[in-house]
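Structure first, then comments.
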2 protein chains.
Amino acid sequence: MRTFDGDETSSSADQLTLRRTNLGLVLRLLRDRGPRSRAKLAAELGMTRSAVSTLVGELEARGLVRIGDLERGAVGRPGTSVQLDGHAVAGLGAEVNVNHVSTMALDLTGEVVSEHKLALDAHAFTVEAVLDRLADLVRQTTADLTRRGIDPIGLTVGVAGLVDRERGWLTFGPNLDWQDVPVHELLRDRLGEAYPITVENEGNLAALAEATPGDRDRQDVLVLFGEVGVGGGIVAEGRPLRGRQGYAGEFGHMIVEPQGRRCGCGRVGCWETVVGLRALLDLAADPDDQVRDPAMAIDERLAELNRRASLGDTRTLDALAQVGGWLGLGAAMLANALNPAAIVLSGYFAAVGEHMRPAIESRLRDGVLAPDAGGTRVELSTLGFTAAVRGGAGLSLDRVFADPTSVERRPVAAGATR
Amino acid sequence: MRTFDGDETSSSADQLTLRRTNLGLVLRLLRDRGPRSRAKLAAELGMTRSAVSTLVGELEARGLVRIGDLERGAVGRPGTSVQLDGHAVAGLGAEVNVNHVSTMALDLTGEVVSEHKLALDAHAFTVEAVLDRLADLVRQTTADLTRRGIDPIGLTVGVAGLVDRERGWLTFGPNLDWQDVPVHELLRDRLGEAYPITVENEGNLAALAEATPGDRDRQDVLVLFGEVGVGGGIVAEGRPLRGRQGYAGEFGHMIVEPQGRRCGCGRVGCWETVVGLRALLDLAADPDDQVRDPAMAIDERLAELNRRASLGDTRTLDALAQVGGWLGLGAAMLANALNPAAIVLSGYFAAVGEHMRPAIESRLRDGVLAPDAGGTRVELSTLGFTAAVRGGAGLSLDRVFADPTSVERRPVAAGATR
DNA sequence: ACCCATTTGTCGTGGCGCAGCACAAACTAG
DNA sequence: CTAGTTTGTGCTGCGCCACGACAAATGGGT
């Protein structure tokens, strides 16, 4: 049984909607299961071959798919493979973080087309100045696209903080020390209206980057992102869980140790006081240790901790086990509440995660009521600090997969082969 | 922009799907916003009046709506009001709990058509015997419907424990002391295949009962259910959040006090050790107090506590404040993670909730990072122990709202007025 | 009492999109 | 080289909604 989704403001469906739906269905099938012939598409979608042919024809006219090689079967006429074509459009992602601003462009096939990053201490600049830099980066990215003849289809901006998506405001960003910033408006002023701009919470975008569309086993994902602060994002049934006001995913301030240490937010016993980067460094090293030297890059400090752990240094191992235990405790609470397929550790958690994993998994197994921890796996992110921009670019692309008619038909190039 | 929802196994959309969608759209609009004329429906859905007319005609032929009174406007021809008709179909809900089995039937308008309950100590019977009793109750309920000429459209069974929805099994039910029970199959054997039977987690159903379809402010709801054990359910964007294996909502075993008391599940410091009914009774009364007498009904014991609290008994008030504080702590953690519009207290929490509310709300405000607790309200459920069956019946009805063509056309009654 | 503006509901026509069917094209097996 | 199989593309038909026209039903003004 199928229905249109009825969550948006109710607006009826007509023939055009039907077309849009089926175009999107074909496009998503090609994304999720790879290139295949029109006949196979028809069989898998339960349509006739003729209907699929016209759909593929329209997608081709919009530059979204192209006809590829022949597909030989056992017997019979070979089919012509249809595959996603990344040369028409790309989705843009951008991020405003405390330490950097960055952008990424993904084409329809998920390939990175362009990537830019600028280290930047957000505290040292005004909001306007930071967004100026970000806009510069976005312009560089779109210039890369223009050079290749690719159209930017949308920009999704991830910011560290609480986002009001409807207005496109960052309402509360304690780490950036921003408050009530109309990010959407400020960026539109700088970048124009050539493509839609969406503002999202960084954690949600990172979580989306870890979820894989179409893969049933990667539709319910929880991302835990550790730096000095701890945040995250939730993807449930393939969709970001934002909550009523878009504030979901603020895991760092769950209170896990009521008699514990004071947190930067003013409360006592927040989860990030025991699993944040500072907690690990406090446990693993004396104040004069090099790994606590602010002048040293965080990556290098984490590498040094990994080196010590690999050499069997007990203090380091104990510290990692202790933080891992706390991490596992919180992970277990979230797993009891949400039963995700995977909890993905990102940020510094990923960097030293291999050594924390035993402690985390043991606490998770012990702490989750469902047998076998409800099937929740612990994974280390491989996306590093690009998770949010990647998720943003992916979210921008979703518009095309939901409605391929949002991409214009291209002029009929007479015998154009490339 | 609209699309078909693409989460189910991909299957393409045709004209019939289009019709189904628009029929459902009309039906849901009538449910969510009440009776209105065809012309108003057309304006709100962005369709033509003629299209709406045929849709309403078809819904009428299926007995789902009926033509009501005239609707006078300021000027012009008055419209005829179209409204949901509850006389054709009803959704069934059922529940297997430790202390009772129960059923409920809701008609399309949400009215209770039939309700049955049987007190029953599940531990004293075999699985088969308990389901025999439940099946009896369901048969009584459908008999009530048949007497009125109403068709049962589906049955949703809520069970206390972890449910594998695809197979319809209760995989793990510690409170019932059931394990790997093929509930779906056992009930189908007893009730036949006249209507589809679905098995769901009790907490999810209770949460669905608290959420209101169509109301934007009641689409993200968290239900906390307190008895001896503590459970709950999550509704996000109007849909139950079940997690990868359907185990989401097991809040009672989140570990909040690592050095605390041992829980019935074998772990230490589970939330239910500090907010479960036993914790409240331990704090509020000496062992020989009447409110701890197992012979006394729980409702009466709670009423006695409420009475003492209202009279200003400090020990009772302190106990409620302390449990309320722990309740608020857990609520804050969940609110940080999920940012619901409302946290609904159910079970015994609702019974004594008025006296715990100040403590809960204070902890919630303090413990949630988002300003003003992210807009999360604390509410007391008024549904009592019927929440799960009501949610189940509502979920059964959802099939009709999603696809009205699943209800058969009725024979054309020649001028049958009644 | 009558006319007019306004709104409602219905009917007929047209366009669009998919299903069903027929058919040519392209291949394998023997 | 033929038979059998599979693929992709026309063509026709049907269902559904948009659009426009029209009759029906009302209130307000004269």
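Letters A, B, ... are given to chains in the order of the sequence lines, protein chains preceding strands, and every chain is numbered from 1. Computed from heavy atoms alone, side chains included, the values below leave out hydrogens, waters and symmetry copies.
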Does a nitrogen or oxygen in the side chain of A:T80 sit under 4.0 Å from OP1 or OP2 of D:dT7?
no
Counting only side-chain N and O atoms of A:R38, is one of them less than 4.0 Å from OP1 or OP2 of D:dT9?
yes
Distance in angstrom units between [X] [atom1] and [N] [atom2], rounded:
| X | N | atom1 | atom2 | result |
| --- | --- | --- | --- | --- |
| A:I67 | D:dT7 | CD1 | P | 15 Å |
| B:R72 | D:dG28 | CZ | P | 11 Å |
| B:E71 | C:dG9 | CD | C1' | 13 Å |

Check every strand shown and say whether A:R49 touches a base, only sugar-phosphate, or nothing at a heavy-atom separation below 4.0 Å.
base
Just by distance, with hydrogens left out, do [X] and [Y] show a side-chain donor and acceptor under 3.5 Å apart?
| X | Y | result |
| --- | --- | --- |
| B:T156 | B:S396 | yes |
| A:T141 | A:D144 | no |
| A:R38 | A:T80 | yes |

Under the salt bridge (Lys or Arg N to Asp or Glu O under 4.0 Å) test, which residues partner B:R36, sequence neighbours left out?
B:E44
Is the closest basic N to carboxylate O distance between [X] and [Y] below 4.0 Å?
| X | Y | answer |
| --- | --- | --- |
| A:E185 | A:R167 | no |
| A:R242 | A:E166 | no |
| B:R62 | B:E408 | no |

Using a 4.0 Å heavy-atom cut-off, write out nucleotides 14-20 of chain C from 5' to 3' as B (base contacted by protein), S (sugar-phosphate only) or - (no contact).
-BBBSSB
Which pairs, protein N/O on one side and nucleotides 1-7 of chain C N/O on the other, fall under 3.5 Å?
from: C:dT7; atom 1: O2; to: B:R77; atom 2: N; distance (Å): 3.1

Say whether, by atom type as modelled, one donor and one acceptor occur between the side chain of A:R218 and the main chain of A:E210 under 3.5 angstrom.
yes
